[in-house]
Amino acid sequence: MSWIRELYRFRYFIITSIVNEFRSRFVRSRLGAAWMILNPLAQVLIFAFILSELLSAKLPGIDNKYSYAIYLMAGTVGWTLFAEIFNRCLTVFIDNGNTMKKLAFPKITLPVIVTGSALVNNLLLLLSVTLIFAMLGHTVSSAILWLPVVMIVTIAFAVGLGLFFGVLNVFIRDIGQIMPIILQIWYWFTPVVYMEAILPKGYGKYIALNPMYPIISAYHNIFVFQKTPNMTGIGVIGCISAGLLLLAVFVYRRASAEMVDVL
């Protein structure tokens, strides 16, 4: 596959672009890269202390005063990884239109660059969440060994879906307006901030049709309930993600020649 060879050939360009993106965020900042930790840390601290004190909710299967915050943070880590990659892939070609016109490089490197940047952000958020878990007396178990597999599936699903709509967005700009709305609805249709058990009887079968449900459930199982996630569900989403990636690359290759002209 020529696009894989192109990615390998421009691997240093990809790495340098990811590094430069982070450097540009902290130009003239005295704390510099410390903001990479402070920003996600502030987010999880709000979840851990304010929400738990306000809601005072305890969840079945976890004996901890801050059980709701732990559940919420675990789901947020998974959803944030998906949402950031999807949103950035959705507009990656439009955002880099001028660069694409001025420089000769494989455009397929752009979604890889934004994916790498989003992954670094998520790893920092994950580190912050793990530290907060320890502060709250909630430790991770050996189930965390499954996390890389779940993250790979999450990234593949987000890139496949985001790249597909990102290419279409170049030609049909309405897609860039409607997809964030759909993503908001999708978020509330996914049990990130609530447990499936609280839904009215009969709604569970609709939640099961949500492709993000096995992913978020896997994050909850790993971090909250400290058990092995449902790998059958993850395997199904993995196959769907592989199909989406192939479809997205096919659509990209067919539209690649016309993209610069449209932009």
Side-chain angles (χ1 to χ4, degrees), residues 1 3-4 7 14 18 40 71-90 92 108-127 129-130 140-167 179 182-183 185-193 195-196 204 206-252:
M1 296 182 181
W3 62 275
I4 295 179
L7 290 176
I14 294 172
I18 294 173
Y71 183 88
L72 178 57
M73 284 187 285
T76 298
V77 171
W79 181 266
T80 299
L81 178 61
F82 165 73
E84 183 175 358
I85 293 175
F86 175 80
N87 282 325
R88 296 193 63 181
C89 285
L90 182 65
V92 66
I108 193 66
T109 59
L110 293 174
V112 176
I113 291 169
V114 299
T115 299
S117 177
L119 177 59
V120 173
N121 287 337
N122 193 257
L123 289 174
L124 291 170
L125 178 60
L126 180 61
L127 175 61
V129 165
T130 304
V140 296
S141 68
S142 59
I144 200 171
L145 296 175
W146 290 103
L147 183 61
V149 177
V150 176
M151 292 181 71
I152 289 172
V153 172
T154 306
I155 291 169
F157 183 61
V159 172
L161 201 63
L163 180 58
F164 174 75
F165 284 109
V167 173
M179 290 311 299
I182 293 176
L183 200 64
I185 298 173
W186 196 350
Y187 174 79
W188 289 106
F189 192 63
T190 306
V192 177
V193 299
M195 295 188 71
E196 181 188 357
Y206 300 112
I207 292 291
L209 298 175
N210 181 352
M212 282 300 294
Y213 172 68
I215 292 175
I216 299 302
S217 294
Y219 274 89
H220 284 146
N221 283 330
I222 291 171
F223 287 106
V224 182
F225 304 110
Q226 301 177 332
K227 63 182 183 180
T228 302
N230 180 359
M231 298 311 297
T232 300
I234 293 297
V236 171
I237 299 303
C239 293
I240 293 174
S241 301
L244 276 173
L245 280 172
L246 292 175
L247 175 62
V249 171
F250 172 77
V251 171
Y252 158 78

#### Entry: side-chain contact (heavy atoms from CB on, under 4.5 Å) between V129 and T76, intermediate numbers included
CA-CA 10 Å; V129 165; T76 298; over 6 Å; no
### Task
Can you see which heavy atom on Y213 is nearest to which on A208, and at what distance?
CD2-CA, 4.1 Å
### Query
Given side chains that start at C-beta, do those of V193 and W79 come closer than 4.5 Å, heavy atoms only?
no
### Task
Verify, without hydrogens or angle tests, whether Y219 (side chain) and V77 (backbone) share a donor-acceptor contact under 3.5 angstrom.
no
### Summary
The side chain to side chain donor-acceptor pair (under 3.5 Å) partners of T190 (sequence neighbours excluded) come to N210
### Task
Please name the pair of heavy atoms, one in I222 and one in P229, separated by the smallest distance, quoted to 0.1 Å.
CG1-CD, 3.9 Å
### Query
Of the non-hydrogen atoms in P191 and I207, which two are nearest, and what is the gap between them?
CD-CG2, 4.1 Å
### Task
Would you give the length of the straight line joining atom CG of L119 to atom CG of L124, rounded to the nearest 0.5 angstrom?
9.5 Å
### Summary
The reported gap from CD1 in I144 to CD in Q226 (rounded to nearest 0.5 angstrom) is 10.0 Å
## Note on the structure
Between the OH atom in Y252 and the CD1 atom in I108, the distance rounded to the nearest 0.5 Å is 5.0 Å
#### Entry: Partner of S117 under side-chain contact (heavy atoms from CB on, under 4.5 Å), chosen from N121, V114, T115
N121
### Message
Within the supplied structure, the quantity of interest is the number of heavy atoms (other residues, nucleotides, ligands) at a distance under 6.0 Å from W146 CH2; does it exceed 12?
### Response
no
### Query
Are F165 and L161 side-chain neighbours, meaning at least one heavy-atom pair lies under 4.5 Å?
yes
#### Entry: M73 side chain near F223 side chain, heavy-atom distance below 4.5 Å
no
### Task
Please check if atom OH in Y206 has more than 12 non-hydrogen atoms from other residues, nucleotides or ligands closer than 6.0 Å.
no
Using atom types as modelled, flag every donor-acceptor pair under 3.5 Å from a side chain in residues 230-251 to any protein atom, sequence neighbours excluded.
unit_1 : atom_1 : unit_2 : atom_2 : d
N230   : OD1    : T232   : N      : 3.1
N230   : OD1    : G233   : N      : 3.4
S241   : OG     : F157   : N      : 3.4
S241   : OG     : I237   : O      : 2.7

### Message
Could you walk me through whether L81 and L125 satisfy the side-chain contact (heavy atoms from CB on, under 4.5 Å) test, starting with their C-alpha distance in whole Å, then the side-chain angles of each, then the deciding distance to 0.1 Å, before giving a yes or no?
### Response
CA-CA 10 Å; L81 178 61; L125 178 60; over 6 Å; no
### Task
Would you name the heavy atoms of I216 and G78 that are closest together and state the gap between them?
CD1-C, 3.9 Å
### Message
Restricting to non-hydrogen atoms, name the atom on P214 and the atom on P211 that form the minimum distance, rounded to 0.1 Å.
### Response
CD-O, 3.3 Å
### Side-chain H-bond candidate by donor/acceptor type, E84 with N122, under 3.5 Å
no
### Atom of P148, atom of L145 and distance for their closest heavy-atom approach
CD-O, 3.4 Å
### Task
Examine F82 together with W186 and report whether their ring centres are nearer than 6.0 Å.
yes
### Query
How are the rings of Y71 and H220 set to each other: parallel, tilted or perpendicular (split at 30° and 60°)?
parallel
